[in-house]
Amino acid sequence: MISSSAAKPVSGAKALPITALLGAMVSIQIGAAFAKGLFPLIGAQGTTTLRLVVGALMLAAVLRPWRVRPSRAVWPWLAAYGVTLAAMNLLFYAALATIPLGIAVALEFSGPLLVATLASRRASDFAWIVLAVAGILLLSPLLHASGAIDPTGVMLALAAGGCWALYIVFAQKAGAELGGQTTAWGIAIAAVLVLPFGVAQAGSALFAPSILVSAVIVGLFSSALPFSLEMAALTRMPARLYGTLTCLEPALGALMGFLFLHEVLSGLQCAGIAAVIAAAFGAAVTTKPPVPSPE
C-alpha cells in the first residue's frame, strides 16, 4: 500500500507538465496580442516577418538544427511544412488585423479539429464536426447584422485553419526523421519565404530599434518560450491529455484579447468559441491523434 506522503511527489510530477503546457498556450496568445499591437506600425505582413525571423533565430540558437541535416527524401516534406507554416502565419495575422484574437484562434482551430475527426473511423465522431460548424456559424458575419465581424477576416482565419491542417500532415512526415529539429528547420524556411512580403509592406521600418525590441518580445512569447515549455510537457504527458488541454486555446485567446487589446465579445461570439472548444475537447477525448501547435 502506498502512503499519502509518497503520493504527493507523483501528484507534483503530474502537475509540472500540465503547468508547462498551459504556460506555453498562454505565452502564444500573449505573443499574438503583442503582435497585433505592431500592426499600425509595420502592418500584418511586416509583423509576421519579424515574428518568424526572430523566432527562427531564437530556435536556431537553442536547437542548432544544422547538426541534423535533412535527407534528400525528407526535403519535399520539410519544404511543404515551411510553406504551409509561412502561409498559415500570413493568413492568421491578416485575419487578426480585422477580427478579435479569440475569434481568430477559434476559427483557425477548425483545421486541426477537422484532421482529428477525419482520422477517426467511428461515425459518432463526426458529431464533433457538426458542433464545430455550429460554433463557426455563431462566429460568422451571418449572425451579426451590425457588421462587427469582418467577413474577409473570417475567411482568412478559416484559410489559416486549412493551412494548420496541412501543417499537421507535413510536420508528421518531416518529424519522423528530424524529430524536435523539425520546427527549427520549418520556421527558418518560413522566415525566408515571408521576408519579401514584410519588406514590401513595411520597408526600412522593420529595422527601427523600437520595432526590433517589440519583435524580440513577440518572438520570445510566440516561438522560443512556448516551444521550450511545450517540449518539456510533451515528454512527460500522454498525447491524449495534450490534445485535450490544447482545446483551451480559443478561450485563452479571447482572454488575452480582453486583457491586452480590450476586445469585448458578444454573447453569441462567446457561445461560438465555447462550441469550438467543446468540439475540440470531444475530438481529443474520442480520437487518437493529438493536435500539434504551430510554433
Side-chain angles (χ1 to χ4, degrees), residues 24 28 31 45-94 108-116 118-119 156 158-201 206 215 218-220 222-235 239 242-243 246 288-295:
I28 291 172
Q45 294 176 6
T47 304
T48 304
T49 299
L50 287 183
R51 186 264 197 209
L52 289 174
V53 169
V54 173
L57 292 174
M58 288 182 175
L59 288 180
V62 173
L63 298 177
R64 291 179 287 178
W66 54 84
R67 297 181 302 174
V68 180
R69 293 188 178 183
S71 68
R72 184 176 299 180
V74 82
W75 262 115
W77 297 114
L78 187 59
Y81 171 77
V83 170
T84 54
L85 187 58
M88 178 175 61
N89 278 273
L90 284 170
L91 291 166
F92 179 73
Y93 275 27
E108 187 191 30
F109 217 78
S110 62
L113 176 59
L114 181 64
V115 172
L118 291 181
L156 288 169
L158 290 173
C163 288
W164 192 354
L166 293 174
Y167 160 96
I168 294 171
V169 176
F170 297 141
Q172 290 173 340
K173 296 290 187 180
E177 176 181 314
L178 299 175
Q181 303 285 6
T182 307
T183 299
W185 277 102
I187 287 186
I189 294 171
V192 172
L193 292 174
V194 303
L195 187 58
F197 294 94
V199 172
Q201 183 173 59
L206 283 175
V218 171
L220 175 64
S222 296
S223 297
L225 181 58
F227 177 80
S228 301
L229 290 173
E230 191 173 66
M231 286 299 101
L234 281 171
T235 58
Y242 168 80
T246 54
K288 184 178 179 180
V291 179
S293 296
E295 272 73 67

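Sequential numbering from 1 along the given sequence is applied to the chain's residues.
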- Message: Would the distance check show the side chain of S222 and the main-chain N or O of G219 forming a donor-acceptor pair, the cut-off being under 3.5 Å?
- Response: no

- Query: Heavy atoms, side chains only, cut-off 4.5 Å: are V199 and T49 in contact?
  - Reply: no

- Message: Testing the basics here: between C163 and L91, what is the closest heavy-atom pair and its distance to 0.1 Å?
- Response: SG-CD1, 3.7 Å

- Task: Would you indicate whether the side-chain heavy atoms of S223 and M58 approach each other to under 4.5 Å?
- Result: no

- Where the side chain of Q181 meets the backbone of L63, is there a donor-acceptor pair that is under 3.5 Å apart? yes

- Aromatic ring pairing W185/W75, orientation class (parallel under 30°, perpendicular over 60°, tilted between): perpendicular

- Message: Any heavy-atom pair between the side chains of W77 and E177 that's under 4.5 Å?
- Response: no

- If only atom types and distance count, is the side chain of Q201 paired as donor or acceptor with the main-chain N or O of Q45 below 3.5 Å? yes

- Nearest 0.5 Å, what's the CD1-CG distance between I28 and L229? 9.5 Å

- Query: What distance separates I187 CD1 from Y81 OH, expressed to the nearest 0.5 Å?
  - Reply: 6.5 Å

- Side-chain touch L178/L78, heavy atoms, less than 4.5 angstrom: yes

- Message: Measuring from atom CG of L90 to atom CG of L52, what distance do you get when rounded to the nearest 0.5 angstrom?
- Response: 7.5 Å

- Item | Set of ring-ring contact (aromatic ring centres under 6.0 Å, His included) partners for W66, sequence neighbours left out | none

